[in-house]
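This report refers to the structure that appears directly beneath it.
Here is how names work: the chains are called A, B, and so on, in the same order as the sequence lines, proteins then strands, and each is numbered from 1.
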Number of protein chains: 2
Amino acid sequence: MDKESVLDTLCPVARSEAVVGDRWTVLILRELFMRSYRFEEIQAQTGGTPQMIASRLKSLEAEGIVERRRYSERPPRYEYHLTEKGEAFYPVILALRAWGETWMKSPDEGRAVQYTHLTCGKPAGLGPVCESCGKPISREDLSAALNSAYQRERDERWEAFKRSR
Amino acid sequence: MDKESVLDTLCPVARSEAVVGDRWTVLILRELFMRSYRFEEIQAQTGGTPQMIASRLKSLEAEGIVERRRYSERPPRYEYHLTEKGEAFYPVILALRAWGETWMKSPDEGRAVQYTHLTCGKPAGLGPVCESCGKPISREDLSAALNSAYQRERDERWEAFKRSR
DNA sequence: CTTGCAACTATGATTTTCATAGCCAACATA
DNA sequence: TATGTTGGCTATGAAAATCATAGTTGCAAG
């Protein structure tokens, strides 16, 4: 996606898509929201090849959505963190989650993640407002609990990744 | 994206992305929400090639997100409409819109679309709840007004498309 | 001086996408 | 009868992106 295609339209949906309209990019953002900050974790959990992850992280950084932080001087090691612009993308992830939970699952599978609304202490549900107290949800008011099957899936992904290198 | 990849994870974001994680697909959905129901309109407004549009519409139909309706018997002519599952995708589009308007625009460009919240008669703003009355927004309570530059952009796209055939 | 770790980069085959052109079945107009 | 138009697509070949697999770098510890 070049700059021109972004400025080519006034449509904000198209502009967003020019930057994040890609499966890998969205999965990387999901991982960052799940606090997987390192290249290897992101690679393991998304299943992407290293080039996919590297190129997407590079363009996310170029767009100011992600920043690269050195966490070790020698050997040089980096983590990726969301900027303010990146954090602001959370509602999109939440909306994708809600749609996916509602329309892409059989009823017996259960929710991958349960959110508790810290403001009221009760389940937040899927919508943009808390299903328990009705107030709009923001990310810092949420506490996430992975369901055990999903946690196992992620652990297994990590193990498999480690084994394969 | 095959069935397996969808069932391969419990993550609802990944499942959604397996089906709609593609720029063209999202742009097509945007057009359907803007009531462009015909192949040519969708092609003109998204800028996709006919194959792109055809293949995406086909997979959206296979996923039950879109349905193909015959609106003329002879000659056979079709329109594409959102199913309930497709309509339910609206919050994702709204969230992408909000992010795009906030982070992908210079301040002087203005909003592409202004929504009026019919429930209270005032501007709805960008968020999931009405900025005027605070109530959660649903699509049927919104009235959209395109800003004139954006309307011109769309008219021009249509003209250019027609001219080119 | 070899092993291990983390973050990537390189390579070549496969798959998608893009630009351009064309097809087909009704009609409509001349 | 001929000629054109409309709408919904298909066909073709070149260009670009993606994938699986393997390798490199930089450093520290054993």
Side-chain angles (χ1 to χ4, degrees), chain A residues 1-2 4-5 8 17-28 31-32 36-62 66-81 157-165, chain B residues 1-2 4-5 8 17-18 21-28 31-32 36-62 66-81 157-165:
Chain A
M1 312 301 159
D2 51 358
E4 289 170 61
S5 73
D8 220 39
E17 283 293 299
V19 164
V20 296
D22 169 289
R23 210 163 76 84
W24 296 119
T25 301
V26 173
L27 294 181
I28 287 170
E31 282 312 305
L32 295 172
S36 298
Y37 299 126
R38 300 192 180 172
F39 195 94
E40 287 202 301
E41 291 179 290
I42 294 168
Q43 198 197 331
Q45 296 301 332
T46 58
T49 61
Q51 299 94 309
M52 281 293 132
I53 308 304
S55 76
R56 295 317 191 279
L57 282 172
K58 208 160 284 181
S59 77
L60 283 169
E61 197 188 352
V66 153
E67 63 179 11
R68 199 174 183 246
R69 282 187 206 160
R70 168 176 263 144
Y71 70 89
S72 152
E73 287 300 326
R74 285 194 332 283
R77 292 289 140 83
Y78 304 93
E79 285 183 342
Y80 295 89
H81 286 263
R157 268 185 218 288
W158 183 245
E159 292 308 323
F161 179 82
K162 290 257 142 176
R163 246 179 279 128
S164 74
R165 20 173 19 245
Chain B
M1 313 299 161
D2 50 357
E4 290 171 59
S5 74
D8 220 39
E17 283 294 299
D22 169 290
R23 212 164 75 83
W24 295 119
T25 301
V26 174
L27 294 181
I28 288 171
E31 283 311 306
L32 295 173
S36 299
Y37 299 126
R38 300 193 179 171
F39 195 95
E40 287 202 300
E41 292 179 291
I42 294 169
Q43 197 197 331
Q45 295 300 332
T46 59
T49 61
Q51 297 94 310
M52 281 293 133
I53 307 304
S55 76
R56 295 317 191 278
L57 283 173
K58 208 160 284 182
S59 78
L60 284 169
E61 198 188 351
V66 154
E67 62 179 10
R68 200 173 183 247
R69 282 188 205 158
R70 170 176 263 146
Y71 70 88
S72 151
E73 286 300 327
R74 284 195 334 282
R77 290 290 138 81
Y78 304 94
E79 286 184 341
Y80 295 90
H81 287 263
R157 267 184 219 289
W158 182 246
E159 292 309 322
F161 179 81
K162 290 257 141 179
R163 245 178 280 128
S164 75
R165 5 171 38 239

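Residue pairs meeting the ring pair (Phe, Tyr, Trp, His ring centres under 6.0 Å) criterion with at least one member in residues 40-60 of chain A: none, sequence neighbours excluded.
Contacts of A:Arg38 classified as salt bridge (charged side-chain N to carboxylate O under 4.0 Å, His left out), with partners at least two apart in sequence or in another chain: A:Glu79.
Partner B:Phe161 forms a side-chain contact (heavy atoms from CB on, under 4.5 Å) with one of B:Arg157, B:Arg165, B:Glu159 and no other, that one being B:Arg165.
Looking at which nucleotide of DNA chain D each of A:Arg56 and B:Tyr78 is closest to, the 5′-most match is held by B:Tyr78. Projected onto DNA chain D by closest heavy-atom contact, B:Tyr80 and A:Ser55 fall at different nucleotides, the more 5' of which corresponds to B:Tyr80.
Of all heavy-atom pairs spanning A:Gln43 and A:Gly48, the tightest one is CG-O, 3.1 Å. Heavy atoms only, all atoms of each residue included: A:Pro75 and A:Ser72 are closest at O-OG, 2.5 Å. Of all the heavy atoms in A:Arg70 and A:Pro76, the pair that sits closest is NH2-CB, 3.6 Å.
Nucleic acid contact for A:Arg69: none, since no nucleic acid atom lies under 4.0 Å from a heavy atom of the residue. No engagement by A:Gln43 is indicated, since no non-hydrogen atom pair under 4.0 Å with the nucleic acid exists.
Between B:Phe39 and B:Tyr80, the two ring planes are tilted [angle within 30° to 60°].
One distance of note links CE of B:Met52 with OG1 of B:Thr25; it measures 9.5 Å at 0.5 Å rounding. With values rounded to the nearest 0.5 angstrom, A:Leu60 atom CG is found 12.5 Å from A:Glu67 atom CD. Here the straight-line distance linking atom OG1 of B:Thr49 with atom CH2 of B:Trp24 works out to 7.0 Å at 0.5 Å rounding. Taken from NE2 in A:His81 to CZ in A:Arg69, the straight-line distance is 4.5 Å, to the nearest 0.5 Å. In this structure, A:Thr46 OG1 and B:Glu17 CD are separated by 12.0 Å, a value rounded to the nearest 0.5 Å. To the nearest 0.5 Å, the span separating CZ on B:Arg56 from CZ on B:Arg23 amounts to 10.5 Å.
Of the residues in residues 70-77 of chain B, those placing a heavy atom less than 4.0 Å from an atom of DNA chain D are B:Tyr71, B:Arg77, in numerical order. Sorted by residue number, the list of members of residues 158-165 of chain A with any non-hydrogen atom under 4.0 Å from DNA chain D is empty.
Using a 4.0 Å cutoff to heavy atoms of chain B, the contacted part of DNA chain C runs 5' to 3' from C:dT17 to C:dC27. Extent of DNA chain D lying under 4.0 Å from chain B heavy atoms, first and last nucleotide in 5' to 3' order, is D:dT6 to D:dT12.
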